[in-house]
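Notes follow once the structure below has been shown.
Quick caveat, the model's predicted, so the values are computed rather than measured.
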Amino acid sequence: MTDLDIRCAGLSDIDAVLRFWREAAEGTSITDDHDGVARLISRDPDALLLAERDGRITGTVIAGFDGWRCSAYRLAVHPDCRRQGIATALLDAAERRFLALGGRRIDAMVLEANEQAHHTWGAADYHREDHWRRWVKSL
């Protein structure tokens, strides 16, 4: 997969990323807007990783680290580009980032109903922890 480039997203990528997520990502988030992504990139310029082929976004992952926990969000691959190793390449890049930052464990947010994603995460040696539940409150 030498034709795949992985890089950190910049502020100029926000609109393209949001369009990509509408097409390739499963579900939506309260922060799926220009301001939300701009805050992410401004706070942690290395967190949003893009996979590109010929200048076109083919995949994303948010590799967030708060100093305590490594969190993976928004692993998405364009439907026309799936099963080509893009998710694996993105997760490898995220894991390298986390190791360089001193991370010890990665928590991945995966939609319960997205069974295709369950296979992807499982193939990358992640496992589900059923004894935890996510509790949320919108602000």
- Say you draw a straight line from CD of E95 to CG of L90; how long is it, rounded to the nearest 0.5 Å?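 Rounded to the nearest 0.5 Å, the CD-CG separation comes out at 11.0 Å.
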
(message) Return the OH to OG1 distance between Y73 and T60, rounded to the nearest 0.5 Å.
(response)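 These two atoms lie 14.0 Å from each other.
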
Closer than 4.0 angstrom, basic N to acidic O: yes or no for [X] and [Y]?
X	Y	answer
D13	R7	yes
D107	R69	yes
D32	R22	no

For [X] and [Y], work out which heavy atoms get closest and say how close.
X	Y	value
L48	W21	CD1-CZ2, 4.1 Å
R74	S29	NH2-N, 3.5 Å
C8	P45	CB-O, 3.5 Å
E23	P79	O-CG, 4.0 Å
R56	D80	NH2-OD2, 4.5 Å
A51	I86	CB-CG2, 3.8 Å

Within a reach of under 6.0 Å around CG of D66, are more than 12 heavy atoms found that belong to other residues, nucleotides or ligands?
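Result for CG/D66: enclosed.
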
Got [X] and [Y] here, is their nearest side-chain heavy-atom distance under 4.5 Å?
X	Y	result
V37	L18	yes
T58	L4	yes
I41	I14	yes
I106	F98	yes
Q84	R53	yes
L91	L75	yes
H34	D15	yes
S42	L11	yes

Handout entry: side-chain contact (heavy atoms from CB on, under 4.5 Å) between D44 and D46, intermediate numbers included
Key = CA-CA 6 Å; D44 186 351; D46 297 330; 4.0 Å; yes

**Prompt:** Should D92 and R97 be marked as a salt bridge (charged side-chain N to carboxylate O under 4.0 Å, His left out) after you check the CA-CA gap, both sets of side-chain angles, and the distance that decides it?
**Reply:** CA-CA 9 Å; D92 288 348; R97 170 175 158 69; over 6 Å; no

